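None of these values were measured; they are calculated from a predicted model. Indexing begins at 1, ligand by ligand and atom by atom, following the structure's order. We're numbering straight along the sequence, starting at 1. Note: hydrogens, waters and symmetry copies are ignored here, and every other heavy atom, side chains too, is used.
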Amino acid sequence: MPAPVRKAVFPVAGLGTRFLPATKAIPKEMLTLVDKPLIQYAFEEAAAAGIEEFIFVTGRGKQAMEDHFDLAFELKATLEARGKTAELGQILDFLPDPGSIKYVRQTAALGLGHAIWCARDMIGDEPFAIISPDDLVLSETPCIKQLIDAHAETGGNVVAVEDVPREQTNRYGILDTPNAADRLARIDGLVEKPDPKDAPSTLSIIGRYVLDGEVFEHLARHEKGAGGEIQLTDAMAKLIGHQPFHGLRFEGERFDCGTKTGWLAANIAYSLARPDLAEATRETLARFR
Ligand code: UTP
């Protein structure tokens with residue numbers, strides 16, 4: 001029986017250059033999706049999956065996130081004085097237990113692998129989850145819970161995967177697998193952003209992982225990969241062969257909210273999924289046909 005997954009890392013120190021100018025002074029992870037910042041969806045997904053410790057790898061200009069998960073004392077007092085009970089719930093209900101969120105700074109955005117390495121002392125050698133808040137998954141069961149359940153079956157490492165058009169393989173980490181069509185694909189190799197003609201499959205990794213703590217030994221070498229960044233994919237690839245490693249075709253639809261069109265599509269999908277907003281959203285969309 002593998003050790004339980006109790007901790008999740010949220011890499012939130014990236015520069016968000018694909019979403020400029022919106023992300024010049026606002027963290028990408030604080031962009032609003034319907035009525036909540038992206039990071040709140042990621043946090044709630046982890047909490048719903050039973051995660052107990054939430055580790056944010058943050059950086060300069062990202063303080064808004066810390067404030068969002070803190071008690072807004074003046075706002076709380078004002079809403080109480082005005083008897084605004086529903087609004088009070090909206091600022092209080094999602095707050096984590098004191099001490100369950102931890103922050104560490106990356107100091108320089110050297111890549112996702114480097115961001116995860118910055119959390120090493122808070123993780124130790126236990127299995128842990130990673131959630132990229134700019135990847136959102138609209139699903140029945142929280143995506144990270146699906147991974148944690150699969151990890152309880154397989155142990156080792158499990159990453160969330162989905163099919164992408166072959167011409168897009170150069171944007172993603174791609175699996176080399178003998179059983180790409182199965183729900184759980186055994187991973188024999190990983191390639192970061194391969195040229196479409198060299199890609200071993202069209203199964204791409206999205207921003208949800210359950211990894212063994214051993215990955216930190218490989219991240220510690222700080223080897224640069226694609227784009228000159230320290231890539232998580234490269235360190236994960238080194239675990240293959242001596243630990244179980246699987247890609248899970250998750251249930252749900254994934255949106256890349258790090259891009260303008262992905263974020264727009266997510267806003268529409270999440271609005272349509274909300275009983276209080278679905279009808280008005282449909283009416284709005286009809287105006288643009
Ligand atoms: P992205 O690959 O989307 O990079 O990171 P980015 O820098 O945020 O955005 P672009 O490409 O410039 O538009 C995926 C996740 O990893 C975090 C990001 O904050 C995001 O949540 N990240 C990325 C870090 O924490 N540190 C890094 O050095 C790179």
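From the protein, the heavy atom lying nearest to atom 12 (O) of ligand 1 is T17 OG1, 2.5 Å. Looking at atom 15 (C) of ligand 1, its nearest protein heavy atom turns out to be S132 OG, 3.6 Å. Protein heavy atom closest to atom 25 (O) of ligand 1, with residue, atom name and distance, is A13 N, 2.8 Å. Annotation: atom 16 (O) of ligand 1 to nearest protein heavy atom, L112 CD1, 3.6 Å. The nearest heavy-atom contact from the protein to atom 2 (O) of ligand 1 is R18 NH2, 4.2 Å.
At a heavy-atom cutoff of 4.0 Å, ligand 1 is contacted by the side chain of D134 but not by its backbone. Residue-level proximity to ligand 1 for K28 is carried by the side chain, the only part with a heavy atom below 4.0 angstrom.
In this structure, F69 has its ring center closer than 6.0 angstrom to the ring center of F56.
A side chain to side chain donor-acceptor pair (under 3.5 Å) with Q40 is found for exactly one of E45, H68, E29, namely H68.
Below 4.0 Å from some heavy atom of P133 lie the following atoms of ligand 1, by number and element: 21 (O). Residue L110 approaches ligand 1 through these ligand atoms, each under 4.0 Å from one of its heavy atoms: 28 (O). Taking every heavy atom of Q106 and a limit of under 4.0 angstrom, the matching atoms of ligand 1 come to 24 (C), 25 (O), 26 (N), 27 (C), 28 (O). Heavy-atom contacts of A115 reach the following atoms of ligand 1: 24 (C), 25 (O), 26 (N) (cutoff under 4.0 Å).
Residue contact check for ligand 1: G111 places a non-hydrogen atom closer than 4.0 Å to it.
The shortest side-chain heavy-atom distance between F250 and S139 does not fall under the 4.5 Å cut-off.
With hydrogens and angles ignored, the 3.5 Å screen pairs a side-chain donor or acceptor of Q146 with a backbone N or O of E251.
Remark: ligand 1 and L15 share an N or O pair separated by less than 3.5 Å (distance only, no angle test).
Residue G14 holds the heavy atom nearest to atom 23 (C) of ligand 1 of all those in G14, G227, P11.
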